[in-house]
Visitor: 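I have a structure here, written as structure tokens, and I will follow up with some questions on it.
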Amino acid sequence: MSNIFHAYKLKVDDILGTMAANGDLPKDLDMSRVKVEPPKEAAHGDMATNAAMVLSKAAGKNPRQLGEALAEKMKKMPEIKEVSVAGPGFVNFRLADSEWGGAIRNILIEGIHYGDSKMGRGEKVNIEYVSANPTGPMHAGHVRGAVIGDTLANLLQKAGYDVTKEYYFNDAGNQIEVLTQTAYLRYREALGENIGAIPEGLYPGEYMKDVVNALVARDGKKWLGVPESVWAKPVREFAVDYIMKMIRDDLDIIGIHHEVFSNERVMIEDGTLEKSFNTLMEKGLIYQGTLPPPKGKEMEDWQPVELTLFRSSNFGDSSDRPLKKRDGTWAYIMPDIAYHYNKIQRGFKWMINVLGKDHQGYEEKIRPAIAALAGDKKDVRLNVVYCAMVKLFKNGEPVKLSKRSGNLITLRELVEEVGAGVVRFFMMTRTPDSELDFDFTKVVEQSKDNPVFYVQYAHARCCSVFRKAKEMFPGLDTSPGALAKANIARINTPEELQLVRFMANWPRAIEAAAAEHEPHRVAFYLYDLASEFHAFYHKGNDNVSLRFLQENDKELSLARLALVEAVRTVIASGLAVMGVTPVEEMHG
RNA sequence: GCGCCCGUAGCUCAACUGGAUAGAGUGUUGGCCUCCGAAGCCAAAGGUUGUGGGUUCGACUCCCGCCGGGCGCACCA
């Protein structure tokens with residue numbers, strides 16, 4: 001929970017408060033923009049505050065003057081070594097070395113929980129991701145959203161939110177009807193009938209054979225020669241259950257485990273869907289009407305149709321939305337609306353959906369309904385994270401993803417070829433909304449343009465130092481608890497302190513990434529930390545006195561092992577958020 | 001036509017959400033293994049942040065206008 005920047009922000013706030021009390025500053029200043037951050041250039045100091053610049057206007061003083069006044073007060077603090085005013089009015093300061101020693105000790109004590117934050121104050125948040133319908137195994141196209149969703153969930157958890165990981169699937173729509181038809185056809189095939197090619201529009205995948213083989217094993221020929229009204233339900237239920245099991249198993253191999261599975265059918269059966277529709281109706285938000293033709297799109301088959309519409313334009317939508325199709329069945333959006341209503345009823349005020357970019361516009365359509373259904377709960381909010389496509393490459397050739405073409409790459413194949421850690425990390429190396437090239441061959445080569453190995457290597461190196469330490473000092477207690485008691489004051493070279501300063505940023509990185517819903521920042525942070533560590537490590541090549549282990553100075557070695565353990569801990573902490581298992585040795 | 005996203009080094013991307021001299025990888029060039037692991041490190045070179053205005057102490061970041069690209073815009077999810 002420790003965050004040294006928070007600690008110093010409070011100290012600066014205190015001083016400003018005192019200045020206001022003394023009449024040096026006006027009372028009731030808006031201090032919300034005051035920050036304590038690391039300066040961009042390490043040469044400027046350990047920390048900097050923008051207080052003087054932000055407050056100067058309201059205080060009626062020029063920023064430099066105000067900065068000087070603030071600096072004078074800060075100079076009197078024993079934990080601050082040096083203060084200066086620079087540039088337009090930044091107040092830069094350096095901490096006493098002992099403060100950084102405390103920072104290392106905190107990392108060792110908190111272990112993998114270092115970086116945890118109270119930012120979320122235990123607020124409940126529902127994060128829905130994957131949510132593929134049960135029509136087939138997970139394929140590569142699902143992976144990005146799955147990994148981003150899972151990492152975001154971990155991240156929010158670390159930032160102090162009460163996170164529920166949720167999967168929603170549609171088991172009552174068209175796709176499921178197609179699945180049922182496909183399953184029955186394959187069922188007849190499995191029992192010896194010649195069915196020819198799978199007709200256009202049904203699912204051609206070979207996995208359907210596994211589904212029906214299991215069905216045959218359970219029910220034999222029970223469903224042959226009976227009317228569809230008899231076989232449809234059991235075949236459908238069997239197929240859905242079987243494929244959902246496949247999907248869960250697929251997700252398991254990249255370490256994704258949802259806590260809650262929701263589905264459309266339950267909402268139909270328990271009346272949630274009906275109830276949310278009626279609620280909208282009671283509010284006078286439903287009417288029969290005809291929408292104008294969509295603009296800018298060639299629609300030769302367009303014809304005006306009277307549909308059941310929801311007045312979403314009352315809530316900022318660009319158009320009203322149909323809730324029923326012309327045949328009277330629900331449009332896809334209605335069960336989704338009901339599902340969000342269901343989440344609100346379960347006590348969630350904050351909902352996040354992770355979707356593919358091809359679902360763009362979803363938020364605009366759902367949010368009005370949420371606003372209408374939330375009633376007086378004004379603080380209900382929905383965020384959608386849209387994930388751009390992943391382009392797969394193999395030997396430099398793009399790999400096409402299409403259900404028809406048959407050369408579809410499954411998640412399982414992907415993971416078996418490159419490993420779960422590589423998949424998870426690599427998916428995090430771009431902002432969610434930018435396209436990502438994933439080249440099998442490059443990733444398998446394990447070359448140095450592979451960030452995963454760079455970070456893993458840093459972790460392995462840390463472990464390697466400990467192995468070496470055991471040889472050099474047999475019986476040495478290198479547990480974090482023991483290292484926390486080392487004489488950490490021995491860590492005082494600029495190179496060492498730079499590393500410590502970087503690690504002091506980990507809690508800030510977590511908070512920033514969580515606040516912006518940008519889990520990729522964790523990957524970038526880890527890459528940078530690994531880079532700092534590798535650079536420091538190599539300084540020991542040129543300068544023997546900088547090596548971690550000094551045979552004739554056990555005290556110094558222990559202090560530096562504390563530093564190494566801190567690095568290892570922060571990397572492990574970050575990899576945990578990303579769902580990647582740290583390695584202790586590199587091989588291959 | 002409307003909406004959302006994007007435009008940063010030759011290429012792929014960052015930039016702590018308004019901070020100081022815009023940074024990494026890759027590619028190019030040149031160094032470093034008698035060494036705690038060279039899957040690594042160091043250095044050089046590479047930029048009018050698409051463009052024109054505006055807001056302010058301060059803009060890659062916010063606002064407006066252009067230019068260029070991606071995606072989405074009834075009764076698919």
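Small disclaimer: the values here were computed from a predicted structure and weren't measured. Below, chain A is the first sequence line, B the second, and so on; all start at residue 1.
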Visitor: Do A/Tyr339 and A/Asn263 meet the criterion of a side-chain donor-acceptor pair at a distance under 3.5 Å?
Guide: no
Visitor: In residues 555-571 of chain A, which ones come under 4.0 Å of RNA chain B, going by heavy atoms?
Guide: none
Visitor: Does the protein touch nucleotides 9-22 of chain B at the base, only the backbone, or not at all? Give it as B, S and - per nucleotide, heavy atoms under 4.0 Å.
Guide: ---SSS-BB-BB--
Visitor: Mind checking the P distance from B/C60 to B/C42? Whole angstroms is fine.
Guide: 28 Å
Visitor: Whole-Å distance between B/C76 P and A/Tyr362 OH?
Guide: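 The distance from OH of A/Tyr362 to P of B/C76 comes to 16 Å, rounded to the nearest Å.
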Visitor: Would you list the pairs meeting salt bridge (Lys or Arg N to Asp or Glu O under 4.0 Å) in which at least one residue belongs to residues 562-571 of chain A, sequence neighbours left out?
Guide: A/Glu565-A/Arg568
Visitor: Looking only at atom C1', what distance separates B/U61 and B/G19, rounded to whole Å?
Guide: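 My reading of the C1' atoms in B/U61 and B/G19 gives 11 Å.
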Visitor: Does A/Glu532 reach a base, just sugar-phosphate, or nothing at all? Heavy atoms under 4.0 Å.
Guide: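 The answer is nothing, as A/Glu532 stays clear of every strand by at least 4.0 Å.
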Visitor: Describe the nucleic acid contact of A/Lys365 in one word from base, sugar-phosphate, nothing, applying a heavy-atom distance below 4.0 Å.
Guide: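 Here A/Lys365 touches the bases of the nucleic acid.
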Visitor: Side chain of A/Pro322 only, heavy atoms from C-beta on: which candidate in B/C76, B/A74, B/A39 is closest?
Guide: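 Closest of the options to the side chain of A/Pro322: B/A74.
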Visitor: Taking syn as any angle within 90 degrees of 0 and anti as the rest, which one fits B/C32?
Guide: anti
Visitor: How close or far is atom P of B/C75 from atom CZ of A/Phe310, stated in whole angstroms?
Guide: 16 Å
Visitor: Starting at atom OH of A/Tyr386, determine the distance to atom P of B/C4, rounded to an integer number of angstrom.
Guide: 12 Å
Visitor: Can you check the distance between B/G25 and B/A45, where both ends of the measurement are the C1' atom (answer in whole Å)?
Guide: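 These two C1' atoms come out 16 Å apart once rounded.
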Visitor: I'd like to check the salt bridge (Lys or Arg N to Asp or Glu O under 4.0 Å) partners of A/Lys9; sequence neighbours left out, ordered by chain and number.
Guide: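 A/Lys9: salt bridge (Lys or Arg N to Asp or Glu O under 4.0 Å) contacts with A/Asp13.
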Visitor: For A/Lys357, check side-chain hydrogen bond (donor to acceptor under 3.5 Å, both in side chains) against everything at least two apart and list the hits.
Guide: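 Listed in chain order: nothing, the list is empty.
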Visitor: Looking at A/Glu128 and A/Lys343, does any basic side-chain N land under 4.0 Å from a carboxylate oxygen?
Guide: yes
Visitor: Would you mind listing every salt bridge (Lys or Arg N to Asp or Glu O under 4.0 Å) that reaches into residues 537-554 of chain A, with sequence neighbours excluded?
Guide: A/Arg490-A/Asp553
Visitor: P atom, B/C41 versus B/A24: distance in rounded Å?
Guide: 12 Å
Visitor: Report yes or no: do A/Glu585 and A/His459 form a side-chain donor-acceptor pair below 3.5 Å?
Guide: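 Side chains of A/Glu585 and A/His459: no pair found under 3.5 Å.
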Visitor: Can you check the A/Met334 CE to B/C75 P distance for me, whole Å?
Guide: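 Rounding to the nearest Å, CE of A/Met334 and P of B/C75 are 15 Å apart.
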Visitor: Nearest-Å distance, CE (A/Met389) to C1' (B/C6)?
Guide: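 For the pair A/Met389 CE and B/C6 C1', the rounded distance is 17 Å.
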Visitor: Taking atom CZ as the centre, does A/Arg33 end up with more than 12 heavy-atom neighbours from other residues, nucleotides or ligands that are less than 6.0 angstrom away?
Guide: no
Visitor: Sugar-phosphate atoms are those with a prime plus P, OP1 and OP2; base atoms are the rest. Using that split, label each nucleotide of nucleotides 28-38 of chain B B, S or - for protein heavy atoms under 4.0 Å, 5' to 3'.
Guide: -------BBBS
Visitor: Take the protein atom CG of A/Asp358 and the nucleotide atom C1' of B/G70, then report the distance between them rounded to whole Å.
Guide: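 The distance from CG of A/Asp358 to C1' of B/G70 comes to 13 Å, rounded to the nearest Å.
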Visitor: For B/G23 versus B/G47, give the span between their C1' atoms, rounded off to a whole number of Å.
Guide: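 Result for the C1' pair: 12 Å, nearest Å.
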Visitor: Measuring only the C1' atom in each nucleotide, how far is B/G1 from B/C76? A whole number of Å is fine.
Guide: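 Pairwise C1' distance, B/G1 against B/C76, rounds to 24 Å.
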Visitor: Starting at NZ of A/Lys324 and ending at C1' of B/C76, how long is that distance when rounded to a whole Å?
Guide: 19 Å
Visitor: Does a donor on one side chain sit under 3.5 Å from an acceptor on the other, for A/Gln550 and A/Ser557?
Guide: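 Their side chains do not contain a donor-acceptor pair, so the 3.5 Å distance test is not met.
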Visitor: Any chance the side chains of A/Thr329 and A/Asp327 put a donor and an acceptor closer than 3.5 Å?
Guide: yes
Visitor: Can you list the stems that include RNA chain B, where a stem is three or more consecutive Watson-Crick or G-U pairs with distances under 3.5 Å?
Guide: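 Stem list for RNA chain B: B:1-7 with B:67-73, B:10-13 with B:23-26, B:28-32 with B:40-44, B:50-54 with B:62-66.
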Visitor: Do A/Tyr386 and A/Asp358 have side-chain atoms, one donor and one acceptor, less than 3.5 Å apart?
Guide: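 A/Tyr386 vs A/Asp358: no donor-acceptor pair found between side chains.
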Visitor: With sequence neighbours left out, which residue pairs that include part of residues 498-509 of chain A fulfil the salt bridge (Lys or Arg N to Asp or Glu O under 4.0 Å) condition?
Guide: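 Passing the test, one end in residues 498-509 of chain A: A/Glu37-A/Arg508, A/Asp46-A/Arg501.
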Visitor: Under the rule for salt bridge (Lys or Arg N to Asp or Glu O under 4.0 Å), what residues qualify as partners of A/Glu166, not counting sequence neighbours?
Guide: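 Salt bridge (Lys or Arg N to Asp or Glu O under 4.0 Å) check on A/Glu166 returns A/Arg346.
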Visitor: Using the P atom as the reference point in each nucleotide, state the distance between B/G46 and B/C33 in Å, no decimals.
Guide: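 Going atom to atom, P in each nucleotide, I get 28 Å.
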Visitor: Check the distance between B/C75's P and A/Ile286's CD1 and give it to me in whole angstrom.
Guide: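 About 16 Å, once rounded to whole Å.
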Visitor: Please name all residues satisfying salt bridge (Lys or Arg N to Asp or Glu O under 4.0 Å) with A/Arg521, sequence neighbours left out, ordered by chain then number.
Guide: A/Glu518
Visitor: For A/Gln288, enumerate each residue passing the side-chain hydrogen bond (donor to acceptor under 3.5 Å, both in side chains) test, keeping only those at least two apart in sequence or located in another chain.
Guide: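 Result, side-chain hydrogen bond (donor to acceptor under 3.5 Å, both in side chains) vs A/Gln288: A/Thr308.
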Visitor: Take atom P in B/G65 and the same atom in B/A15, then report the distance between them in whole Å.
Guide: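 Rounded to whole Å, the distance is 26 Å.
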Visitor: Of A/Asp336 and A/Lys357, whose closest RNA chain B nucleotide lies nearer the 5' terminus?
Guide: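 Its nucleotide being nearer the 5' end, the pick is A/Lys357.
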